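These notes are about the structure you will find just below.
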Protein chains: 4
Amino acid sequence: MTDAVQTIDVAVFGAGRIGKIHAANLARQPGVRLKYVVDVNRAAAEALAAQHGAQVADVDGALGDASIGASVICSSTDTHADLIVKSAAQRKHVFCEKPVDLTLERARSCADAVARAGVVCMIGFQRRFDPTFAALKARLDAGEIGTPEMLVVTSRDPGAPPVEYIRHSGGIFKDMLIHDFDIFRWILDDEADTLHATGSCLSDPAIAEAGDIDSTAVTIRTRRGRLCQINTARRAAYGYDQRFEVIGSSGMLQAGNLRPTEVTAYSKTEVSTDVPEAFFLERYRAAYALEIAHFFDAVTHGKPVRTTVADGLKALELAQAATRSWREGRAIQLGEAS
Amino acid sequence: MTDAVQTIDVAVFGAGRIGKIHAANLARQPGVRLKYVVDVNRAAAEALAAQHGAQVADVDGALGDASIGASVICSSTDTHADLIVKSAAQRKHVFCEKPVDLTLERARSCADAVARAGVVCMIGFQRRFDPTFAALKARLDAGEIGTPEMLVVTSRDPGAPPVEYIRHSGGIFKDMLIHDFDIFRWILDDEADTLHATGSCLSDPAIAEAGDIDSTAVTIRTRRGRLCQINTARRAAYGYDQRFEVIGSSGMLQAGNLRPTEVTAYSKTEVSTDVPEAFFLERYRAAYALEIAHFFDAVTHGKPVRTTVADGLKALELAQAATRSWREGRAIQLGEAS
Amino acid sequence: MTDAVQTIDVAVFGAGRIGKIHAANLARQPGVRLKYVVDVNRAAAEALAAQHGAQVADVDGALGDASIGASVICSSTDTHADLIVKSAAQRKHVFCEKPVDLTLERARSCADAVARAGVVCMIGFQRRFDPTFAALKARLDAGEIGTPEMLVVTSRDPGAPPVEYIRHSGGIFKDMLIHDFDIFRWILDDEADTLHATGSCLSDPAIAEAGDIDSTAVTIRTRRGRLCQINTARRAAYGYDQRFEVIGSSGMLQAGNLRPTEVTAYSKTEVSTDVPEAFFLERYRAAYALEIAHFFDAVTHGKPVRTTVADGLKALELAQAATRSWREGRAIQLGEAS
Amino acid sequence: MTDAVQTIDVAVFGAGRIGKIHAANLARQPGVRLKYVVDVNRAAAEALAAQHGAQVADVDGALGDASIGASVICSSTDTHADLIVKSAAQRKHVFCEKPVDLTLERARSCADAVARAGVVCMIGFQRRFDPTFAALKARLDAGEIGTPEMLVVTSRDPGAPPVEYIRHSGGIFKDMLIHDFDIFRWILDDEADTLHATGSCLSDPAIAEAGDIDSTAVTIRTRRGRLCQINTARRAAYGYDQRFEVIGSSGMLQAGNLRPTEVTAYSKTEVSTDVPEAFFLERYRAAYALEIAHFFDAVTHGKPVRTTVADGLKALELAQAATRSWREGRAIQLGEAS
């Protein structure tokens with residue numbers, strides 16, 4: 001194949017948990033080379049760079065290298081917008097973790113910068129690449145259950161992040177439900193008309209003190225009258241729970257959890273199986289690999305990406321509406337002046 | 001056992017689908033005798049009476065017979081309140097199908113009448129007697145998953161009733177979700193603080209013309225901050241779907257559907273099992289038998305019933321709040337002047 | 001319906017565990033009346049008779065009553081043959097628990113007696129009436145998986161009966177696997193050509209001292225070359241396990257266990273469901289009711305029964321061959337002089 | 001870590017389906033380099049070599065290179081013994097696909113050669129490395145279900161290989177059940193005392209003409225009296241089916257199939273999930289990666305391998321006994337002069 005002839009050099013920003021995942025996955029793409037790792041934590045940058053035969057650089061050094069074709073942004077949320085804008089300015093294609101930014105204004109300016117530069121910008125909504133979720137979506141699109149009418153999303157984390165993280169996270173709706181809002185738009189193939197969100201802080205008062213909640217219940221009604229319910233928890237005692245089901249006019253499709261093994265145990269008192277995969281790194285291992293492959297495939301072949309910066313904006317709008325709904329105790333009409 | 005020495009004679013009001021179920025079940029209770037069947041449709045009354053060696057009577061005849069110890073009310077909703085009040089006046093114990101009435105005012109007067117007469121009045125929330133639901137509740141009460149934090153209820157019918165029925169049903173929230181509101185109160189062991197309901201008519205425009213909807217999404221936040229989401233559909237193309245799950249501080253309990261058989265088929269393209277039990281008569285067969293046994297056990301031994309007229313009122317209040325929330329497009333504070 | 005006009009009076013022989021089940025089930029058949037209960041344990045006979053408004057009688061008294069239309073034989077195995085022959089001689093239809101007898105000779109004389117008398121004789125292979133097993137068989141017969149090729153039967157009891165019982169049981173193959181041999185013939189719709197059986201005593205040396213084993217592995221090859229494997233245990237620590245699967249030329253059908261409830265629990269370490277129904281009385285509750293209904297339907301309407309005395313003989317032949325294979329450590333050709 | 005300092009150069013023999021798998025997996029091991037690909041089909045060797053930056057060589061060239069530390073043998077079965085012996089003679093460590101050889105004599109001479117040379121020789125029983133099977137084994141070893149008493153193995157392929165392959169395969173017992181015999185020894189941790197095998201050719205008469213069968217039923221009784229039943233089919237119409245269950249003195253453990261996705265579909269007539277993973281390359285993808293990692297870990301650190309040439313011999317003995325049992329229609333005492 002001649003596809004791999006031209007190599008794309010890549011700079012990864014952020015050498016944390018998710019940066020390591022993306023670095024390892026992109027290192028496996030034919031025709032892709034990890035050239036730079038950038039992180040304010042120099043030791044982390046060096047360790048990751050060493051692992052992949054890459055170099056450590058700072059932002060300007062990395063983006064100033066004309067040979068770099070793409071930025072993979074996995075740094076903290078507050079750096080996303082700046083890195084997107086700078087990358088676009090240097091005509092680098094961009095893969096950026098969610099969310100684009102915590103404010104719609106800055107997120108919109110990212111979208112503008114990307115549009116002006118004419119570069120690819122993909123947002124890391126990896127769930128769309130999960131083989132189970134993607135298979136469900138393909139069957140839905142093939143008409144297997146007729147027209148979608150309702151979506152029920154279960155999205156629970158096994159434990160809350162540190163309160164210090166929560167304080168700067170933008171709140172549960174922007175930090176955690178942003179994924180679920182993207183699932184909603186993708187699966188129901190429609191936009192929100194009204195949204196109602198409520199929630200509670202049930203697991204740890206420190207979360208409430210940080211101005212956030214740990215359990216939410218969101219309802220969206222779409223322009224076409226379709227319904228969506230999302231329930232989330234920052235701490236599901238039994239583990240990571242990622243399921244959804246779509247009711248259509250002629251059937252239902254459910255996406256279930258994955259398990260580490262298929263062992264079933266029979267004791268005198270119960271029949272048991274494994275708990276679901278521990279957390280997102282395990283649950284979405286395949287999805288992370290597939291989304292990076294998709295990004296470089298799009299960049300190399302000039303194809304559209306599946307999760308654009310516009311999708312990032314839309315999810316952020318929903319997260320903002322949900323935050324407002326929760327704070328004001330009322331249903332929100334999307335499109336209300338915010 | 002001497003329990004069965006004294007026989008309770010019973011009048012059943014309503015010889016339709018649910019009347020037949022209750023008649024057959026009470027006929028199996030030791031110490032219980034079906035004496036009268038009352039129905040405006042004389043042929044139906046006669047057929048059911050003949051099947052159980054009972055007699056046909058009219059309301060006054062049945063309630064005027066001093067030997068009758070209990071009324072089992074399975075007639076149409078608009079007759080419930082009147083029959084409860086008349087039965088109570090004659091010191092008959094009352095088992096009445098849900099809902100007590102479509103208006104809170106009349107329902108409250110039923111509660112008053114029952115209280116004054118000092119008779120037992122049990123409302124037919126049979127789901128609490130379903131072996132699966134009851135086992136879940138017992139494990140929850142035993143502390144298996146810690147403190148309950150969230151409840152997600154899936155409650156879908158396989159098909160809508162005739163539009164003529166819908167027109168007089170009081171709407172989906174009083175007709176269908178009344179059961180789910182009772183489940184909510186029973187499982188979370190808490191009362192609603194705020195409620196939000198929305199919905200759509202997606203399956204048949206005639207339902208919208210009758211002033212109703214066929215799909216709903218309800219969210220309740222309780223006084224203690226617990227969350228509940230209920231999603232319902234009058235027409236789930238794949239059948240009758242009755243599930244719920246409770247997330248607690250240390251685990252989760254799910255109540256699943258029942259299936260007619262445990263056959264699994266492997267073809268070249270899929271592994272398949274039965275669809276859930278067809279509808280409520282099949283799904284709740286055991287529950288109907290157990291609730292009638294519970295009623296007569298309570299009546300005979302002076303024990304409290306598990307689903308009182310007060311529970312009927314509370315569920316009706318929630319149904320009314322949901323109807324209002326849906327119509328007005330806003331969240332409702334329970335206790336608002338209605 | 002005029003079907004129920006003529007009432008059949010019935011004598012039940014044996015007031016033990018299974019006698020009680022059959023008595024209760026036949027009492028529910030329209031047109032069937034339990035007239036006599038016969039048991040050497042007079043107190044047991046009286047208790048069961050009292051429960052159903054029947055009388056206690058001895059064998060000759062019961063069979064000498066010309067009004068008796070059918071014998072339901074649930075007494076100990078060593079009495080079966082005698083009661084069948086005597087019942088037939090008095091032109092009573094016969095329902096008899098498995099096995100017909102422990103020896104082929106006596107079992108054959110029962111078959112002869114029944115044939116001479118021209119009465120119905122049904123053997124209590126209740127598993128054929130289990131809704132799950134029967135649904136599987138119906139789908140198999142409808143061609144859903146093509147031609148059957150292999151059958152794997154799992155048949156495990158939750159605990160061994162008392163050693164005293166085992167000593168007179170005829171051994172595990174006649175006592176326990178007789179049901180599985182009937183399942184084999186019914187499902188594969190073919191007869192055994194060769195059979196190999198082996199086994200061990202693994203749970204309790206007292207069983208070995210009684211000349212029996214508690215775990216068996218049987219393989220049958222049919223005349224048409226179809227294969228069957230049966231694995232059994234008298235003591236499965238985790239409960240009663242009754243499953244089988246049929247591989248056909250175009251698919252597979254599995255019959256699974258039934259569970260008391262459909263509760264699923266998620267803890268930090270596992271996802272668990274109920275263990276299967278505790279034992280045969282629970283697992284085959286529906287089957288027992290359906291087989292008795294089938295028997296009286298056959299008797300009343302002159303229809304053939306599904307499990308004939310010939311089926312009883314065939315299962316016994318296999319049990320005998322299995323016993324021999326195990327004892328002699330070699331495969332047996334069915335039809336060998338035994 | 002200094003573990004990876006010294007690189008092991010490897011020669012892969014066989015560039016077919018399984019050779020490609022092993023080549024790709026070993027290329028991912030740190031400290032392991034694929035140096036040569038050897039295949040009589042030069043084009044296949046070149047393609048695989050090119051993919052991994054390796055060279056094409058012939059047997060003597062590859063084994064004559066002193067820098068080569070290990071042979072990975074994935075060529076056709078008839079070449080295994082020769083390559084093992086030659087590799088051992090050159091002090092190369094050996095990873096060889098099953099079976100060692102089709103005759104016990106040559107297999108034993110391989111074991112001798114390996115022992116004399118003091119090299120590692122691992123046989124490719126990859127199932128022991130499957131995460132589900134390995135987790136079951138670990139729980140069994142931890143005593144979760146007490147002492148193992150019975151093992152039931154289901155092992156069915158989705159379709160038979162070409163008859164030409166079957167003709168030289170050594171027959172179904174050496175070709176296919178060799179894996180199941182290894183599972184038996186590994187799980188029950190015991191050796192066979194007696195073995196009975198039977199079988200049929202049910203899917204394609206050409207298989208019978210080639211002297212083989214497509215469906216088998218094997219029973220093994222171990223020295224300690226434990227039982228094992230294995231049922232296999234070369235063509236399971238519904239796909240690749242790889243399950244087993246172990247009954248222990250205090251519970252049961254089952255290893256189930258893996259599915260491509262966790263989508264569940266509800267239609268009007270059934271609830272369905274995916275069929276199992278298509279075939280061994282998909283089902284055992286993780287196992288193949290883990291076994292190669294295990295091999296190089298053992299070679300590098302001087303640890304014992306989990307599946308030795310002795311295990312290969314034992315499995316072959318069982319396959320040979322099974323072949324004989326089937327042909328002679330009798331149970332075989334292991335250790336009989338063969």
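Throughout, a chain's letter reflects where its sequence line sits, starting with A, and its residues are numbered from 1. Just so it is clear, the structure is predicted and the values come from calculations on it, not from any experiment.
For the set A:G239, A:A233, A:G199, the entry with the most heavy-atom pairs within less than 4.5 Å of chain B is A:G199. Counting heavy-atom pairs under 4.5 Å between each of B:D241, B:L227, B:I213 and chain A puts B:L227 at the top.
No part of B:T222 comes within reach of chain A, as not one of its non-hydrogen atoms sits under 4.5 angstrom from that chain. The contact between A:A217 and chain B is made by backbone and side chain atoms together, counting heavy-atom distances below 4.5 Å. Looking at A:L202, the atoms closer than 4.5 Å to chain B (heavy atoms on both sides) sit in the backbone and in the side chain alike. For A:I230, the part lying under 4.5 angstrom from a heavy atom of chain B is the backbone only. For chain B, the nearby parts of A:M252 are the backbone and the side chain; heavy atoms of each come within less than 4.5 Å. With a threshold of 4.5 angstrom between heavy atoms, A:T216 approaches chain B through N, CA, C or O but not through any side-chain atom.
B:G329 and A:A331 make their closest contact through O-CB, 3.9 Å (heavy atoms, listed as atom of the first residue, atom of the second, distance). Closest approach of A:S215 to B:M150, counting heavy atoms only: CB-CE, 3.9 Å. Listed here is the closest heavy atom pair of B:G248 and A:R235: O-NH1, 4.4 Å. When all heavy atoms of A:S249 and B:A237 are compared, the closest pair comes out as O-CB, 3.3 Å. Closest approach of B:V218 to A:Q229, counting heavy atoms only: O-NE2, 3.1 Å.
Under a 4.0 Å N-O distance rule, the pair A:E149/B:R156 does not qualify as a salt bridge.
Between atom OH of residue A:Y238 and atom CD1 of residue B:I145 there is a gap of 9.5 Å, rounded to the nearest 0.5 Å.
At a cut-off of 3.5 Å, with distance as the only test, no side-chain donor of B:R226 or A:S200 sits close to an acceptor on the other residue. Between the side chains of B:T219 and A:T198, no donor N or O sits under 3.5 Å from an acceptor N or O.
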